[in-house]
Amino acid sequence: MTRRIMMSVLLMLAAWGCGESTPAGSPSDELVVAPTWRNVAEADLSPGQRAQLGRAMAAKDEMAKTLMGELKGELESGGPSGAVVVCRDMAPMISEHVADNHGVKIGRTSHRLRNPENLPPEWADAAVEAVSETAVYVEGPAGELGVLLPIRLAAPCLACHGADESLDVDVRSALAESYPEDRATGFAADDLRGWFWVEVPGQG
């Protein structure tokens, strides 16, 4: 998953952009498919895991802020169709930079992918399949902490994620060229668009 091109944050003009990730609640253990990972309720996170969660949130915030800056600049000069190209080309580099900066793995995924390369990590598969509306915290076999954070669609993002017939012709053309297998249209404001995922290594 070297290309993090999800358009869920294309028009991040409110609540970090296209959506706001909000840790809240936790799913039951049966959501975890990977046998060496287990779900952890937020209330049960150990002090070490809370430190890992802090790193995850810092990485998510940096990724959102950096991408928002790039997208807002392009939106002002080239409009939504130009932002499609920025997200396609810049998002992978931003993800890699943030991952290196914070010593984590990070990306975005969805139950309705725009880019088929943005599949979730194994520990998040079941929660994505279940379309989890709440944050998910997962402990790995070597003390890793996986964090899955929901992203909701803000109204401005309908320019690239709304009903097909409502999309500008230039946006439709840019999407067809960059994402021929796009499944990320037809959303309404406040729909669950997808998730940030962050994997923080163990303390040892």
Side-chain angles (χ1 to χ4, degrees), residues 1-12 16-22 31-34 37 56-57 59-68 70-71 74 80-81 83-102 104-136 138 140 144 146-154 157-162 164 167 171-172 174-187 191-200:
M1 292 192 299
T2 59
R3 292 176 60 85
R4 307 292 179 195
I5 321 175
M6 186 77 59
M7 294 298 296
S8 58
V9 287
L10 178 62
L11 300 174
M12 290 184 286
W16 80 261
C18 274
E20 178 178 358
S21 55
T22 306
L31 285 180
V32 177
V33 172
W37 293 76
M57 298 303 293
K60 184 272 297 181
D61 289 345
E62 181 181 342
M63 182 174 171
K65 180 179 179 180
T66 305
L67 185 56
M68 178 173 62
E70 295 289 341
L71 290 173
E74 182 59 33
S81 60
V84 171
V85 177
V86 169
C87 199
R88 182 194 67 197
D89 296 340
M90 294 297 297
M93 292 186 287
I94 292 170
S95 294
E96 291 176 8
H97 171 76
V98 171
D100 290 342
N101 193 32
H102 292 269
V104 302
K105 298 178 182 178
I106 187 170
R108 291 165 296 155
T109 191
S110 179
H111 54 305
R112 289 165 57 182
L113 288 170
R114 174 147 283 171
N115 186 313
E117 294 184 12
N118 281 354
L119 294 170
E122 184 183 23
W123 54 262
D125 277 341
V128 170
E129 184 177 351
V131 193
S132 176
E133 298 274 350
T134 60
V136 176
V138 188
E144 305 96 327
V147 181
L148 193 70
L149 301 166
I151 300 170
R152 294 203 169 271
L153 194 76
C157 300
L158 295 175
C160 288
H161 292 288
D164 289 334
L167 300 181
V171 171
R172 281 184 288 179
L175 292 175
E177 179 179 355
S178 297
Y179 308 107
E181 299 178 33
D182 183 28
R183 297 173 54 213
T185 58
F187 284 94
D191 280 352
L192 179 68
R193 172 66 191 94
W195 303 265
F196 271 115
W197 64 265
V198 190
E199 184 178 319
V200 184

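Please read these numbers as outputs of a predicted model, since none were measured by experiment.
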Heavy-atom donor-acceptor pair, Ser95 side chain to Gly107 backbone, under 3.5 Å: no
Side chain to side chain donor-acceptor pair (under 3.5 Å) involving Asp191 - partner list, sequence neighbours excluded: none
Side-chain heavy-atom pair Arg172, Thr185 within 4.5 angstrom cut-off: no
Rounded distance (nearest 0.5 Å) linking atom CD of Glu122 with atom CH2 of Trp37: 9.0 Å
With sequence neighbours excluded, residues passing side chain to side chain donor-acceptor pair (under 3.5 Å) with Glu199: Trp123
Side chains of Val98 and Lys60 in contact at under 4.5 Å (non-hydrogen atoms): no
Contact check, side chains of Leu149 and Met57, non-hydrogen atoms, under 4.5 Å: yes
For His102, ring-ring contact (aromatic ring centres under 6.0 Å, His included) partners two or more places apart: none
Side chain to side chain, Val128 and Leu119, heavy atoms closer than 4.5 Å: no
Partner set under side chain to side chain donor-acceptor pair (under 3.5 Å) for Ser178, not counting sequence neighbours: Arg88
Nearest heavy-atom neighbours spanning Arg114 and Ala184: NH2-O, 3.4 Å
Test item: Arg112 side-chain N/O and Gly194 main-chain N/O as donor-acceptor pair under 3.5 Å: no
Ala127 backbone acceptor or donor facing Trp195 side chain under 3.5 Å: no
Nearest heavy atoms of Arg108 and Asn118, plus distance in Å: O-CB, 3.5 Å
Partner residues of Asp100 under the side chain to side chain donor-acceptor pair (under 3.5 Å) criterion, sequence neighbours left out: none
Closest contact, heavy atoms only, Val171 versus Cys160: CG1-SG, 3.8 Å
Ala99: side chain to side chain contact (heavy atoms under 4.5 Å, CB included) partners, not counting sequence neighbours: Ile106
